[in-house]
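Here the structure comes first, spelled out in structure tokens, and everything after it is commentary.
To find a chain, count down the sequence lines: A is the first, B the second, and so on, and within it residues start at 1. Just so it is clear, the structure is predicted and the values come from calculations on it, not from any experiment.
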Protein chains: 2
Amino acid sequence: MGPSAATWAILGLIALEPSSGYDVKRIIDRSIRHFWAASYGQIYPELRRLEEAGWIAGDDARRGGRARRVYSITPIGRAALQGWLAGRETRVELRDESLLRLFFADTLPLHHAVGLLAARREGYRQMLDYLVGLDDGKAVDPPFVDLVYRWGLDYCRWGIEWCDRELARLEQAG
Amino acid sequence: MGPSAATWAILGLIALEPSSGYDVKRIIDRSIRHFWAASYGQIYPELRRLEEAGWIAGDDARRGGRARRVYSITPIGRAALQGWLAGRETRVELRDESLLRLFFADTLPLHHAVGLLAARREGYRQMLDYLVGLDDGKAVDPPFVDLVYRWGLDYCRWGIEWCDRELARLEQAG
DNA sequence: TAGTGCATGTAATGCGTTACATGATTTC
DNA sequence: GAAATCATGTAACGCATTACATGCACTA
């Protein structure tokens, strides 16, 4: 039970600013969810582990009668985070049900298979809308946070264009 | 325990050609692994479930003294597969540790952060090499199998260009 | 006063990988 | 005869989601 990649996501966010578990979840959903999702079922237990390891320190920060525990990174935690940042493994996992359907689309009537491709395009569109929506009233991000955000936008735009090209190709052929 | 997306991947491959569990694993690793991975621990139990459901039929096809069980799709299985193909959900899950590092790279010395971006580029390169390697001595694929294969190639090439653009931008700025 | 958002958490379940065990056949 | 490949399978584990339970505070 050493640290997993989810550990670093959570620790990294707390390094950016002290946060509660609820905060961590909200920040993830508004910044890295499209390439690194996390649920409460991971976040709360992980926070406890991180505190036990001395990488973060919890502080009781109740607001009125409402319980609240805010965690900050410790020097040890910061050192551990730097160690991970120095790593080079580029583990990427993709699960794309739309590509899976397209892979098996040769048995389908052509207009139906074309529909799958159009649906894929629509998927990119929705992701783009979601990402563009995040930008509303957002403060100016630090350079690399912004870089990753632009990766998301660019990827969606590329995906839409790719689908358009392939749709045109199919129309021409069929 | 209804069918999951892994069910359709396995069923779809068997629909393309009758295969053993071992075959399924090999075919996955040579065609869809980059967007849909699967291990023996999924494949063999899933084959048993599919047979119990009557979607595939197993046939004893031992080669010499070596046990071997080849499965073919049944009419019921084919109908179920068509039903899934008619679906429109475009569930995409991405876990990209390299993007995660970049997201937290603002605390790093610039040359180090640039190194992360270069490492990302290298990751795309390796995936591209892997995909290009698959092409050696491969028969001509059906149109949509080929389309999905080209998606992989095009995605890697786009990713490499994206990294190059961002690297140039950083060099110009820093 | 009803609805939304804030806040913390757990239990059950599902999905998937890793690591192992077994043994035959082919190839060098 | 050693190594690689073919072939099937399971047990243990880890990772992650879903669904639920609880209750306070703010706002329309």
**OP:** Give every residue pair that meets the side-chain hydrogen bond (donor to acceptor under 3.5 Å, both in side chains) criterion with at least one member in residues 106-116 of chain B, sequence neighbours excluded.
**Re:** none

Original post:
Nearest to the side chain of A/Arg48 - D/dA7, C/dG16, C/dT10?
Top reply: C/dT10

Original post:
Nearest-Å distance, CG (B/Leu47) to C1' (D/dA7)?
Top reply: 13 Å

Original post:
Are OP1 or OP2 of C/dC6 and a side-chain N or O of A/Arg66 less than 4.0 angstrom apart?
Top reply: no

Subject >> Interatomic distance where CZ belongs to A/Arg63 and P belongs to D/dC26 [whole Å] >> reply: 10 Å

**OP:** Could you check how far OH of A/Tyr44 sits from P of D/dT17, rounded to whole Å?
**Re:** 15 Å

Original post:
Expressed in angstrom and rounded to an integer, what is the separation of B/Gln42 atom CD from D/dG9 atom P?
Top reply: 16 Å

Original post:
How close or far is atom P of C/dG16 from atom CH2 of B/Trp8, stated in whole angstroms?
Top reply: 14 Å

Subject >> Residues in contact with DNA chain D, drawn from residues 90-99 of chain B - heavy-atom cutoff 4.0 Å >> reply: B/Arg95

Original post:
Under a 4.0 Å heavy-atom cut-off, which of residues 14-26 of chain A touch DNA chain D?
Top reply: none

Subject >> Residue closer to the 5' end of DNA chain C, B/Ser4 versus B/Tyr40 (nearest nucleotide) >> reply: B/Ser4

Original post:
Considering the terminal five base pairs at each end of the helix from C/dT1-D/dA28 to C/dC28-D/dG1, what angle separates the two local helix axes, rounded to 10°?
Top reply: 30°

**OP:** Could you list by number each residue of residues 29-38 of chain A showing a heavy-atom separation from DNA chain D of less than 4.0 Å, or answer none if no residue does?
**Re:** A/Ala37, A/Ala38

**OP:** Would you sort out whether A/Thr7 and A/Glu46 count as a side-chain hydrogen bond (donor to acceptor under 3.5 Å, both in side chains), showing the intermediate values?
**Re:** CA-CA 7 Å; A/Thr7 307; A/Glu46 188 67 47; 3.1 Å; yes

Original post:
CG of B/Asp59 versus P of D/dA7: gap in Å, rounded?
Top reply: 14 Å

Original post:
Quick one: side-chain hydrogen bond (donor to acceptor under 3.5 Å, both in side chains) partners of B/Tyr155, sequence neighbours excluded?
Top reply: B/Tyr124

